[in-house]
Amino acid sequence: MTFALQGIAISGGYAIGRAQLFSHDRLEAPHYVLQARDLDAEVARFEEAVAMVRAECEHLRDHLPEGAPPELAAFLDLHRLFLEDSMLSEVPKRLIREQACNAEWALAQQTEALLAQFEGIEDAYLRERRHDVKQVADRVLKALLGHPGHAPVKPVDEEPTVLVAHDLSPSDMVLFKRHAYAGFITDLGGTTSHTAILARSLNISSVMALHNARALVQEGDTLIVDGVSGVVIVNPDESILEEYRLRQNQWRLEQQKLRRLKSSQSITLDGVQVELLANIDLPPDVREAIDEGATGIGLFRSEFLFLNRGDLPSEDEQFEAYRQVVKAMKGRPVVIRTLDAGADKSLAWMSQKSENPALGLRAIRLCLAEPHIFMTQIRAILRASHYGSARILLPMLASLTELDQALALIATAKAELKAEKIKFDANVPIGGMIEVPAAALAAEWFARKLDFLSLGTNDLIQYTLAIDRTDDTVAHLYDPLHPAVIYLLGHTLKVGRRLDCPVSVCGEMAGDARLTRLLLGLGLRSFSMHPAHILSVKQQVLRSQTQLLEPLAGKLMRLGDPVRILALLDKINA
Ligand code: PEP
Ligand code: MG
């Protein structure tokens, strides 16, 4: 049956593919399709992994350390029993052959089916045995992943897949980077949630806030993901598929045309130079930034180095990551934002759960509460500054006391490095994010103490309009054109000009080509965005005349009526 679901368009383009329902286990397990001739070898690889885990269990059972609790032996026996059960040792082999898939994938599917069966068991003791099943399956999965053996890992042309999830965390999305999905859709999430931002960074079409896609879509359904209008069509008929194949081709052609702008200077028709910088999450992203013609990194979200792990990255590990980016950018600016953890980017070691995490111990607040974490990071950034042009950016500043405390810690880190005779750039510029309305209104005092400001419009909109950016039920209220938001942007830019303190925008507004001209008119000259958006924003810059845009933007700042604001935006973009 064909049906359509409406959500929020997150990432442009169109995807057509088979639905794959999300589970954490499957995300950890790679998936590829095998040639018929390789299936015997794959089954043998699975058997080897099972045999290896069995031998491990037996060895442990026979060499129990003295004083080991008696339950340990029983526990190992139970694991051996599970391993011998055909549900775990035989069914995956059948799946490998039936689906021509790799062993990890077959095992992950079967584990999931088994766990679902355990969920339905009434007896609490038996139900708890699902943890044992999971542990045994994880051991086999690890054996497979650690010993790829003669696995014929060369995938044949695989049908594109679309991931269907109820919700995805930013940490899931980081793992997701390793998989080549054609698109993804979720029930929850807002336009500027970090999950959505990461989805854009993957540059695949995605729709969020669909409410019940995970329940309605079946594994293997054909899906069209329309990342332009936010529609998902389930099991479309041939005529709809044909229409979307055409749109897909059109989209690809437009993207190819944009590539021609890659080496053009980013300059308006009246000769105003506009800086187009990239936002990155992890060091490897720098390749795409350079590839899309970014003239620097305007936001390195360093917290992604801290996700998906139980410990903290050491000073040396961070130093290596920052140095890698700074060196790759060859003297062009690299703005490294200090740890912005908390809210939807919660870390394993942050045990305290806040009732209202977006207003809780997040970003600079967390760093000032845990100065050793902050100091380690600052030392790492300072050390990397010796290799190029690094800058420090402090997230979520609200009060000047916070800024003073952070500056004092940076000064201490510098003094330490100097005493240790470690090289760093003593004049590394320090900037602050303007993403809390208080900071925008008090921009003057922040600008006086800082070398640059960066408007984080995602949070600025969240905090100004009191909308949780991760909550799909209020996502429709997210409005970058709200007069209060425009006022705060205009005010901060004006203060920056007056005090000669450069201001950039690094929130999602900077990468939205519909808003480029308005932002130019408000006086913005530095945009930082996901690399995938640089060329479409550049296209707007090349067609703009700031002298014409300034009075129009000024007029928009004086409007309150949303309909008139939209009409004027159309005129600005005409
Ligand atoms: C912002 O808030 O606009 C921003 C760039 O930071 P993040 O999206 O990481 O919170
Ligand atoms: Mg922010």
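Whatever order the structure lists them in is the order used to number ligands and atoms, beginning at 1.
- Atoms of ligand 1 lying under 4.0 Å from any heavy atom of D340, numbered from 1 in the order shown and given with element: 10 (O).
- At a heavy-atom cutoff of 4.0 Å, ligand 1 is contacted by no atom of T192, backbone or side chain.
- For ligand 1, the atoms lying closer than 4.0 Å to a non-hydrogen atom of R469 are 2 (O), 7 (P), 8 (O), 10 (O).
- For K262 (side chain) and L535 (main-chain N/O), no donor-acceptor pair under 3.5 Å exists by modelled atom type.
- At a threshold of 4.0 Å, the pair R259-E292 counts as salt-bridged, since one of the basic side-chain nitrogens sits closer than that to a carboxylate oxygen.
- Under 4.0 Å from ligand 1, the heavy atoms of R337 that appear belong solely to its side chain.
- Judged purely by atom type and a 3.5 angstrom limit, T186 uses its side chain to pair as donor or acceptor with the backbone of L188.
- Near G456, meaning under 4.0 Å from any of its heavy atoms, are these atoms of ligand 1: 1 (C), 2 (O), 3 (O).
- Ion pairing between a basic and an acidic side chain is recognised when a charged N comes within 4.0 Å of a carboxylate O; R362 and D340 show such pairing.
- Counting just the N/O/S atoms of E435, the one with the shortest distance to the Mg ion (ligand 2) is named OE1.
- Taking the six-membered ring for Trp and the full ring otherwise, Y322 and Y387 have centroids separated by 6.0 Å or more.
- Formation of a donor-acceptor pair under 3.5 Å by the S193 side chain with backbone atoms of G189 is not found in this model.
- In this structure, the protein non-hydrogen atom closest to atom 7 (P) of ligand 1 is H194 NE2, 3.1 Å.
- Checked by atom type and distance alone, the side chain of K538 pairs as donor or acceptor with a backbone atom of L261 at under 3.5 Å.
- With contacts defined as side-chain heavy-atom distances shorter than 4.5 Å, the pair F446/L403 qualifies.
- When the N, O or S atoms of D459 are ranked by distance to the Mg ion (ligand 2), OD2 comes first.
- The ligand atoms of ligand 1 that sit less than 4.0 angstrom from a heavy atom of L299 are 5 (C).
- Taking the charged nitrogens against the carboxylate oxygens, E416 and R379 do have a contact shorter than 4.0 Å, which makes a salt bridge.
- At a heavy-atom distance under 4.0 Å, no atom of Q462 approaches ligand 1.
- In this structure, D291 contributes its side chain and R287 its backbone to no donor-acceptor pair below 3.5 Å.
- Under 4.0 Å from ligand 1, not a single heavy atom of M396 appears.
- The ligand atoms of ligand 1 that sit less than 4.0 angstrom from a heavy atom of I197 are 8 (O).
- Checking only distances, N458 does come within under 3.5 Å of ligand 1, N or O to N or O.
- Pairing each heavy atom of Q6 with each of L210, the nearest pair is C-CD2, 3.6 Å.
- Annotation for ligand 1: atoms under 4.0 Å from non-hydrogen atoms of C506 are 5 (C).
- By the 3.5 Å distance cut-off applied to N or O atoms, T457 is counted among the residues near ligand 1.
- By the 4.0 Å N-to-carboxylate-O rule, E320 lies close enough to R323 to be salt-bridged with it.
- Among the atoms of D340, no N, O or S atom is found under 2.8 Å from the Mg ion (ligand 2).
- Taking a cut-off of under 4.0 Å to the non-hydrogen atoms of R301, the atoms of ligand 1 that pass are 4 (C), 5 (C), 6 (O), 7 (P), 8 (O), 9 (O).
- With distances taken over non-hydrogen atoms, the option nearest atom 2 (O) of ligand 1 out of R362, E435, E508 is E435.
- Atoms of ligand 1 found under 4.0 Å from any heavy atom of D459, numbered from 1 in the order shown, are 1 (C), 2 (O), 3 (O), 10 (O).
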